[in-house]
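Quick notes on the structure that follows.
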There are 2 protein chains.
Amino acid sequence: MPVNEPKSSRGRPTVVRMRDVAAAVGVSVKTVSNVVNATGQVNEATVRAVRVAVEELGYRPNPLARGLNSRATDTVTLALPGLGYGYCAPLAAAVFDLAEAEGISVVMEPTGGDRERELEVLRNRGGLSDGVLLMPTAITARELKALPSPGPAVLLGSRRVEGPFDSVASQDTVAAEAAVRLLLDRGASRVVLLGGERKAGGDTAAALRTDGYRRALTAAGQKFVPALVLETPRSSRDDGQAAMAQLLGSETPFDAVLALEEPLAHGALHALRRAGRDVPGQVQVVAFGNDEDAEYSSPSLTTVQADVTTMARRALDQLTARVREGARPRSHVEVPLTIIERESTISHA
Amino acid sequence: MPVNEPKSSRGRPTVVRMRDVAAAVGVSVKTVSNVVNATGQVNEATVRAVRVAVEELGYRPNPLARGLNSRATDTVTLALPGLGYGYCAPLAAAVFDLAEAEGISVVMEPTGGDRERELEVLRNRGGLSDGVLLMPTAITARELKALPSPGPAVLLGSRRVEGPFDSVASQDTVAAEAAVRLLLDRGASRVVLLGGERKAGGDTAAALRTDGYRRALTAAGQKFVPALVLETPRSSRDDGQAAMAQLLGSETPFDAVLALEEPLAHGALHALRRAGRDVPGQVQVVAFGNDEDAEYSSPSLTTVQADVTTMARRALDQLTARVREGARPRSHVEVPLTIIERESTISHA
DNA sequence: CTGAAAGCGCTTACAG
DNA sequence: CTGAAAGCGCTTACAG
């Protein structure tokens, strides 16, 4: 048994520095830096010599040292409530993939929908990273407006934000309105809003979608019926099933459902099936969602899909531009959602 | 129009350094450092004064500069093929949450199951991060064994790895064997392996699970029937549906299915339903998976679940220990999977 | 095309 | 309990 470990395996690992490469080739660190970063002009032969030494010594530039000077780490922070919320999972996947393709690393920061953690992300300017992509859920639009001038940050999600930030917002209100209009066009007259908010004025995704619901009713000359708005504690299948079962038991008449999160819709479908209600014959169903599941439930589910790839693309572009340019006009991008019609709504006449 | 922007909004943002805090309080940077990091002993009054100055000036330690010295960035890289693969999504969520709770940031690095990118992650030692959590899918066990002594890295996934790495492996072979045994116990005699590999010897998750399938058959005195192993191009619902539909058309008799990925099982259930086969009366179904969906399909699906939280916990612990201690014995953790029985298998007599 | 020097913002011994 | 100096590994002007 070796009592003394070799030096290299104790404490700090031996590391090959730019200086070591320079010494090996017989040039200055500046020249090595030029070769490694393709900066300045370097003699062909020198370039080759440096490349060989880099390879042989296994030199890797230290991103910390590099970042300390250049102020660029090519890293962004993605702060979402968590992968389980709304379309966060596919959105995160899109950000990871697009960033990877550009050589940008992504630090994932789950906020848990916690106000303090959301604020901390903004204050922190992302720590190691060059900037922040934040989906605010607990910070209100008013607070956001009043926040001190931040480091590079892009807000993304369902809320349009007026504050000192760039933003990418999905047009949830518009999409909810379109979804309700579709249901009414297809003959529905009493549309249940599953997962909605009875009182207006909030700026959560649910509140914004509820606004669209109200607008569509108003435009169609219908009254807002509180009994048709089903608030749920969370957005799980169980919640959807329970809320729908309760409504079915109450004998309140209805002929359509707009579910604000897809799991709610699957729960509702379950309850409707049990109650013997035909979908879409007796009840039409539309849900906000992105899941592959929508296609495979029976009946398959008509959905309102957020275009997460576009959202990720735009958000990354905005952040990159702000990191590079510093002062530039705020940019607010709105991304439409798409309605994918499937079997849970009556097909167009 | 102001032609000259104020200095602070051009180029580098004005930044408050430790030196600025020191100057404000009238102490040295060392003292500020001591307060900020709770190192050494500092006078009560000095501590307070520094705290106040930190607050007023809005000082935030620069993690890059800190990391350059201490060699610790409190950041780890999580390299998975992608959120859509097997249990990667819940595993990633678990890593994000556990790390967050410990003040560790996580850089997500999607490898796309690409060999080069997997190797790059290992060579790179994670770039900015202190260490790497990698799920290898394309690198073979042999290659892994031969890799040069790496920076801190933990391999995780279905494969047990012998190389110079710590590892956390889910016991897929054991679990597959148990699942098949369960099916046989419940009266099945011809078990289809959906998503399996006909030829033995690989070390992908599918191959390891296929090994378990073979073992269970052998233990039960049954022969391995190649026609019952359905290879699928990917692991989507469509693949599961297509493979099952083809098998149903071929008139090959079978009375149970072990699906190696959950979407395959949902596709298979779809095909079985269409063909009028009763589940579990005529065909019992078990699937590897973690999805909430399993509970809500009809019939609900018996699953083999990986304990992603434990895997994440152990992997993070191993990595933290290796980062801190450097040389220490390799640690190989195996995490069992759990079979959750639901309606798609016959309940125990 | 290349080098020597200064400096990024912090921490780490080493003195007091 | 506190300070002055050196240094982490790189890049950035500035000279040649």
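Labels below follow one simple rule: chain letters A, B, ... track the order of the sequence lines, proteins then strands, and each chain is numbered from 1. These numbers were taken from a predicted model, which means no experiment stands behind them. These numbers come from the heavy atoms of this one structure, side chains and all, not from hydrogens, waters or symmetry mates.
Closest approach to the B/P61 side chain among D/dT11, D/dG9, C/dC10 is made by C/dC10 (side chain taken as heavy atoms from C-beta onward). Of all nucleotides listed (C/dT12, C/dG9, D/dC10), C/dG9 comes nearest to the side chain of B/A65. Of the candidate nucleotides C/dC10, D/dC10, D/dT12, D/dC10 has the atom lying nearest to any side-chain atom of A/Y59.
If you measure from atom CG of B/N69 to atom P of C/dC8, you get 14 Å, rounded to the nearest angstrom. Atom CG in B/D20 sits about 13 Å away from atom C1' in C/dC10, given to the nearest Å. In this entry the distance linking CZ of B/R66 with C1' of D/dC10 reads 20 Å, nearest Å. Protein atom CG of A/D130 is 19 Å distant from nucleotide atom P of C/dC8, rounded to whole Å. Taking atom CZ on B/R17 and atom P on C/dG7, their separation rounds to 12 Å, with Å as the unit. When the C1' atom of C/dG7 is taken as reference, atom CG of B/L68 falls 12 Å away, rounded to whole Å. To the nearest angstrom, P of C/dC8 lies 19 Å from CG of A/L128. The distance between atom CZ of B/R19 and atom P of C/dT11, rounded to the nearest whole Å, is 14 Å.
Phosphate proximity of D/dT11 to A/S33: present, with a side-chain N or O under 4.0 Å from OP1 or OP2. For B/N37, a side-chain nitrogen or oxygen approaches OP1 or OP2 of C/dT11 to under 4.0 Å.
The pair A/R314-A/E334 fails the salt-bridge criterion, with no side-chain N (NZ, NE, NH1 or NH2) lying under 4.0 Å from an Asp/Glu carboxylate O.
Side chains of A/D166 and A/S331: no donor on one and acceptor on the other come within 3.5 Å. In summary, the side chains of A/S129 and A/T75 do not present any donor paired with an acceptor at a separation below 3.5 Å, with no hydrogens or angles considered.
Nearest heavy-atom pair, B/L57 versus B/A24, reported as atom, atom and distance to 0.1 Å: CD1-CB, 4.0 Å. The two residues B/T320 and B/L316 make their nearest non-hydrogen contact at OG1-O, 2.6 Å. Scanning both residues, B/R328 and B/A321, for their nearest heavy atoms gives CZ-CB, 3.6 Å.
Residue pairs meeting the side-chain hydrogen bond (donor to acceptor under 3.5 Å, both in side chains) criterion with at least one partner in residues 56-68 of chain A, sequence neighbours excluded, are A/N37-A/R66, A/R60-B/E120. Residue pairs meeting the side-chain hydrogen bond (donor to acceptor under 3.5 Å, both in side chains) criterion with at least one partner in residues 78-101 of chain A, sequence neighbours excluded, are A/Y87-A/S170, A/E100-B/R117. Applying the salt bridge (charged side-chain N to carboxylate O under 4.0 Å, His left out) test to residues at least two apart or on different chains, the pairs with a partner in residues 132-143 of chain B are B/R115-B/E143.
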Which atom pairs link the protein and nucleotides 1-4 of chain D when you take only N or O atoms and keep those under 3.5 Å?
residue	atom	partner	partner atom	Å
D/dT2	OP1	B/T46	OG1	2.6
D/dT2	OP2	B/N43	N	3.0
D/dG3	OP2	B/S28	N	2.8
D/dG3	OP2	B/S28	OG	3.0
D/dG3	OP2	B/T31	OG1	2.5

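Looking at heavy-atom distances under 4.0 Å, B/P63 makes no contact with the nucleic acid at all.
One N or O on the side chain of A/T111 and one on the backbone of A/G113 form a donor-acceptor pair closer than 3.5 Å. Although no hydrogens or angles enter the test, the distance criterion places no donor-acceptor pair under 3.5 Å between the side chain of A/D130 and the main chain of A/V76.
Between B/L78 and B/E109, every side-chain heavy-atom pair lies at or beyond the 4.5 Å cut-off.
Near DNA chain D, meaning a heavy atom under 4.0 Å from it, residues 49-58 of chain A has no residue at all.
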Practice problem: Give the dot-bracket string for DNA chain D, reading 5' to 3', where a pair is Watson-Crick or G-U wobble with both distances under 3.5 Å, ( ) marks pairs inside the strand, [ ] marks pairs crossing earlier ones, | marks a partner on another strand, and . marks unpaired. | Solution: |||.||||||||.|||
